[in-house]
Amino acid sequence: MHSSLQVYNSLTRQQEVFKPVNPPYVGMYVCGPTVYGLSHIGHARCYITFDVIQRYLKHLGYQVRYVRNITDVGHLERDGDEGEDKIAKQAQLEKLEPMEVVQRYMNSFHNDMALLNVQPPSIEPQASGHIPEQIQIIQQIIDQGLAYESNGSVYFNITAYEKKREYGKLSGRNIHDLLAGTRVLAGQSEKKFPLDFALWKKANKTHIMRWPSPWGEGFPGWHIECTALATKYLGPYFDIHGGGIDLLFPHHECEIAQSQAVQSTTLAKYWLHNNLVMIHDHKMSKSLGNFITLEELFQGIHPLLSQAYSPMVLRFFVLQAHYRSTLSFSNEALQASEKGYLKLINGLRVVKKMSYTPSNLGNPNPDAISQIEQYVASCYQAINDDFNTAKLIAELFQLLRFIYALEYKQIDFYKLGKTTFELLKKTYILFVEDILGLQEHCKAAPQEFLSVILKMYAQAKQQKNYEQIDLLRAELKKLNIMLHDTARGVDWSYI
Ligand code: ZN
């Protein structure tokens, strides 16, 4: 049942049986963040999605090399070939070195990912640390006759490329339709053809982030970075390329064109895209200004939020929808996720403590056994069906019913038998904790627990309940904490 993983491939527009190029190795590349601002819910959705995918691939026994880049150069405002570099613009705003901006937001991104229990990738290359690799691949595209230099910049030549290959295969667009949506300003462009995209941009005098190249001082375009980094660490043809669906065009289309130009491959065999996070029927995005940062969500400090939500609630919220469906943000939806998450995680705590303890030696019940086996099989079917975590969570709730039936002695352990009980326990823990990556999230800090104890102690003193006072003192002493009666009331210190 483990070998039948199917994935929806955006490139072929169909669900396919997953067969790695070079098993047991799996190469996976996911477009990482542009580090010039705080992460929002849209980022969280993408990286949680691919975190679950790499966790499941590892569970299937594959050796996964997961590469996720950091875009710290060349991503321009308005996502076109013109405009300011987003990092440089932020550096000017904050009066910082561009690399200080990169470091600040990279640290903050890593912190958010750790809170969301997103495992770090195997390699996290920064674009600015791989300029020679990008220059080399641009030169190769020029050598193939598929790019040209113009006034110190280099452009990918779509017209020349179309004679050899088809542009728009991933997005299903063709150049005639694309051209119809483009404004052509004669004589004002360095480009030969309006759809040509920048591989290298000449830096003007005020541009801070610049590197020497065969075409003069400048900086790489955004699309070339991913082709160069993916090829360097995963080879010319690897298994999975992922990212948000908003990157499908033009970014991923351009990555494929660049790879076809120099190595005659589509770069990856399977192209996977997670769908958008919606808010009031609009895409949540930084450019539209309707986004909620993770910091705001975790602290509940955005006008659209009625309360704070923990990182694990957000993780559950993301996973209770299939990654290819849109995910609608609302307080009601998050509150429902909070309930669902707590149910699942309370079950995890119960099942972890549970051991096989039959009250007598009765005969196992074949119906109960086959039901559990069926739910376990359904868990695998769900995740094997293009990582359908929504369906998987529904199946886990079915297993949870049995866990509570055992806990509250509505069903005796002997009716399942030891093997089926162990299967139930193992499957629940595996999917909740290891694959969905949901952890117990204690909301209350130990300090807050201590203040509750102090209140109980003060009350016991008032009531002259010496038995209770001695008990609290003795229990806290075991935790190396000593209580003091001060003029201000009860206080404590470490022993
Ligand atoms: Zn990319």
Side-chain angles (χ1 to χ4, degrees), residues 9-11 27-37 39 42-43 45-47 49-51 53-54 65-81 85-87 102 105-106 109 113 118 121-131 133-135 137-138 141 156 167-171 197-201 219-263 265-276 285-287 323:
N9 190 352
S10 303
L11 195 59
M28 179 164 101
Y29 185 90
V30 173
C31 294
T34 307
V35 279
Y36 70 106
S39 305
H43 294 117
R45 182 174 201 194
C46 176
Y47 304 123
T49 297
F50 289 97
D51 183 49
I53 289 175
Q54 64 95 21
R65 182 183 289 170
Y66 176 19
V67 180
R68 189 182 68 202
N69 64 312
I70 295 279
T71 296
D72 57 358
V73 63
H75 195 163
L76 304 181
E77 286 290 330
R78 295 195 300 279
D79 289 352
D81 294 337
D85 184 303
K86 288 178 171 177
I87 309 275
V102 167
Y105 291 111
M106 204 162 65
F109 171 69
M113 291 303 112
V118 168
S122 330
I123 306 174
E124 193 174 40
Q126 286 176 240
S128 64
H130 296 77
I131 301 294
E133 286 86 347
Q134 296 177 73
I135 290 176
I137 211 159
I138 294 168
I141 301 174
F156 191 91
Y167 180 75
K169 236 180 141 184
L170 177 68
S171 58
F197 59 90
L199 298 170
W200 185 265
K201 284 293 285 179
F219 56 95
W222 172 37
H223 312 311
I224 195 69
E225 139 187 8
C226 287
T227 303
L229 296 176
T231 304
K232 176 171 170 118
Y233 294 111
L234 297 170
Y237 188 59
F238 55 90
D239 301 290
I240 297 175
H241 191 307
I245 199 157
D246 47 340
L247 296 184
L248 193 144
F249 187 87
H251 184 54
H252 290 163
E253 197 73 79
C254 295
E255 281 188 41
I256 290 178
Q258 292 162 160
S259 179
Q260 288 283 18
V262 294
Q263 49 212 16
T265 73
T266 54
L267 197 59
K269 187 174 178 185
Y270 305 99
W271 286 75
L272 271 55
H273 292 96
N274 66 280
N275 215 320
L276 304 172
S285 83
K286 198 166 164 111
S287 52
Y323 76 94

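As a basis for the values below, the full set of heavy atoms in this structure was taken, side chains included, without hydrogen atoms, waters or symmetry mates. Both counts, for ligands and for their atoms, begin at 1 and track the order of listing.
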Identify every side-chain donor-acceptor pair in residues 234-241 under 3.5 Å, counting partners at least two apart or on other chains, and give the distances.
residue : atom : partner : partner atom : Å
D239    : OD1  : V21     : N            : 2.6
D239    : OD2  : G27     : N            : 2.9
H241    : NE2  : E255    : OE1          : 2.6

(message) In terms of relative ring orientation, are H223 and F197 parallel, tilted or perpendicular, with 30° and 60° separating the classes?
(response) perpendicular
(message) Restricting to N/O/S atoms, is H252 within less than 2.8 Å of the Zn ion (ligand 1) or not?
(response) no
(message) I'd like the atom name of the N/O/S atom in E255 lying closest to the Zn ion (ligand 1).
(response) OE2
(request) Sorted by first residue and then second, give each salt bridge (charged side-chain N to carboxylate O under 4.0 Å, His left out) pair with at least one member in residues 240-249; sequence neighbours left out. (result) D246-K283
(message) Using ring centroids (six-membered ring only for Trp), state whether Y47 and F109 fall under 6.0 Å.
(response) yes
(message) Strictly under 2.8 Å, is the Zn ion (ligand 1) approached by any N, O or S atom of C226?
(response) yes
